Novice: 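The structure under discussion is supplied below as structure tokens; questions concerning it will follow.
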Amino acid sequence: QVQLVESGGGLVQDGGSLRLSCVASGSTIEDYAVAWFRQAPEKGREFVASIRWSGSMTVYVDVVRGRFTISRDNAKSTVYLQMNSLKPEDTAVYYCAATQKFGSRLEADYDYWGRGAQVTVPA
């Protein structure tokens, strides 16, 4: 079992920055990759970025590459999503999720999910 808890969401102005955190727990977390997904109002959930728990490999969706950075702190069992140059279209609920299929962008491949953190960037 893996438990995931997100924090750090909020309201930020256009062009601003925000950092999301995802604290992971569970005896087998090292076997998983952790990803961030997001779901905007009236849209489906979309993949944002992922990182292996061991090693440094990362994957990003094109629309956030260069603005968002995913990283992890193994000592704190935490995965971060640093979001810079935020835009109104980044407004969404952001979820972290865990999978044993690193790099997958499919929701169905993710076994564990957090409850989400709201990020709002007003136009």
Side-chain angles (χ1 to χ4, degrees):
Q1 283 283 357
V2 174
Q3 294 80 41
L4 303 169
V5 179
E6 303 97 336
S7 63
L11 179 70
V12 61
Q13 64 183 8
D14 191 349
S17 298
L18 207 60
R19 188 176 79 163
L20 301 179
S21 301
C22 173
V23 178
S25 60
S27 60
T28 60
I29 188 60
E30 293 80 7
D31 295 336
Y32 288 82
V34 175
W36 290 95
F37 283 75
R38 66 185 182 184
Q39 186 167 18
E42 300 181 358
K43 293 188 177 180
R45 198 174 298 183
E46 67 169 346
F47 172 87
V48 176
S50 66
I51 187 168
R52 282 189 185 276
W53 198 262
S54 56
S56 59
M57 291 183 67
T58 58
V59 177
Y60 294 93
V61 69
D62 286 347
V63 294
V64 307
R65 187 175 291 113
R67 299 190 297 124
F68 291 10
T69 302
I70 190 170
S71 62
R72 72 187 191 289
D73 183 333
N74 290 352
K76 296 182 178 180
S77 298
T78 301
V79 172
Y80 302 101
L81 185 67
Q82 177 66 46
M83 304 182 292
N84 298 328
S85 301
L86 282 161
K87 305 174 182 181
E89 51 263 43
D90 294 317
T91 294
V93 177
Y94 284 71
Y95 299 89
C96 65
T99 181
Q100 292 185 311
K101 300 180 180 179
F102 171 69
S104 173
R105 304 182 182 210
L106 302 177
E107 283 187 69
D109 285 339
Y110 286 78
D111 302 305
Y112 303 101
W113 292 82
R115 293 188 174 185
Q118 176 70 47
V119 173
T120 302
V121 187

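What's counted below: heavy atoms across the whole structure, side chains too, no hydrogens, waters or symmetry copies. For clarity, every value in this text was computed on a predicted model and none was experimentally measured. For this chain, numbers begin at 1 and follow the sequence in order.
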Novice: Can you list the residues that meet the salt bridge (charged side-chain N to carboxylate O under 4.0 Å, His left out) rule with Arg65, with sequence neighbours excluded?
Specialist: Asp62
Novice: Using side-chain contact (heavy atoms from CB on, under 4.5 Å) as the criterion, list what pairs up with Val23, not counting sequence neighbours.
Specialist: Thr78
Novice: What residue pairs, at least two apart or across chains, pass ring-ring contact (aromatic ring centres under 6.0 Å, His included) with a residue in residues 5-39?
Specialist: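 Passing the test, one end in residues 5-39: Tyr32-Tyr112, Phe37-Phe47, Phe37-Tyr110, Phe37-Trp113.
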Novice: Applying the 4.5 Å side-chain criterion to the ILVMFWY set and letting contacts propagate, would Val63 and Leu86 be lumped into a single cluster?
Specialist: yes
Novice: For Asp109, what residues pass the salt bridge (charged side-chain N to carboxylate O under 4.0 Å, His left out) criterion, not counting sequence neighbours?
Specialist: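 With neighbours one apart ignored, the set is Lys101.
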Novice: Going by disulfide bond (SG atoms under 2.5 Å apart), name the pairs with one or both residues in residues 1-99, residues two or more places apart or in two chains.
Specialist: Cys22-Cys96
Novice: Tell me which pairs pass side chain to side chain donor-acceptor pair (under 3.5 Å) where either residue lies in residues 3-13, with sequence neighbours left out.
Specialist: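 Checked against side chain to side chain donor-acceptor pair (under 3.5 Å) - neighbours excluded - the pairs reaching residues 3-13 are Gln3-Ser25.
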Novice: Mind checking what makes side-chain hydrogen bond (donor to acceptor under 3.5 Å, both in side chains) contact with Ser17, not counting sequence neighbours?
Specialist: Asn84
Novice: Would you check if Val59 and Arg105 make a side-chain contact, meaning some heavy-atom pair closer than 4.5 Å?
Specialist: yes
Novice: Take atom CD of Gln1 as the centre, draw a 6.0 Å sphere, and report whether it contains more than 12 heavy atoms from other residues, nucleotides or ligands.
Specialist: no
Novice: Going by side-chain contact (heavy atoms from CB on, under 4.5 Å), name the residues that satisfy it together with Pro88, two or more places apart in sequence or in a different chain.
Specialist: Asp14, Val121, Ala123
Novice: Distance from Ile70 atom CD1 to Arg52 atom CZ, nearest 0.5 Å?
Specialist: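 Result: 13.0 Å between the selected atoms.
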Novice: Which pairs count as salt bridge (charged side-chain N to carboxylate O under 4.0 Å, His left out) when at least one residue sits in residues 38-48, sequence neighbours excluded?
Specialist: Arg38-Glu46, Arg38-Asp90, Arg45-Glu107
Novice: Which pair of non-hydrogen atoms, one from Gly9 and one from Val119, has the smallest distance, and what is that distance?
Specialist: CA-CG2, 4.3 Å
Novice: Give the minimum heavy-atom separation between Leu18 and Gly8, together with the two atoms involved.
Specialist: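 In terms of heavy atoms, the two residues are closest at CG-O, 3.5 Å.
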Novice: Taking only residues at least two apart or on different chains, which pairs with a member in residues 29-92 satisfy disulfide bond (SG atoms under 2.5 Å apart)?
Specialist: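 For residues 29-92: none.
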Novice: Taking only residues at least two apart or on different chains, which pairs with a member in residues 49-100 satisfy ring-ring contact (aromatic ring centres under 6.0 Å, His included)?
Specialist: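 Every candidate ring-ring contact (aromatic ring centres under 6.0 Å, His included) pair involving residues 49-100 fails, so no pair, neighbours aside, qualifies.
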Novice: To the nearest 0.5 angstrom, please state how far the CD atom of Gln118 sits from the CG atom of Leu11.
Specialist: 9.5 Å
Novice: List the residues meeting side-chain hydrogen bond (donor to acceptor under 3.5 Å, both in side chains) with Asn74, not counting sequence neighbours, and say none if there are none.
Specialist: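 For Asn74 the side-chain hydrogen bond (donor to acceptor under 3.5 Å, both in side chains) partners, ignoring immediate neighbours, are Arg72.
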Novice: How long is the gap from CG on Leu20 to CD on Gln82, to the nearest 0.5 Å?
Specialist: 9.0 Å
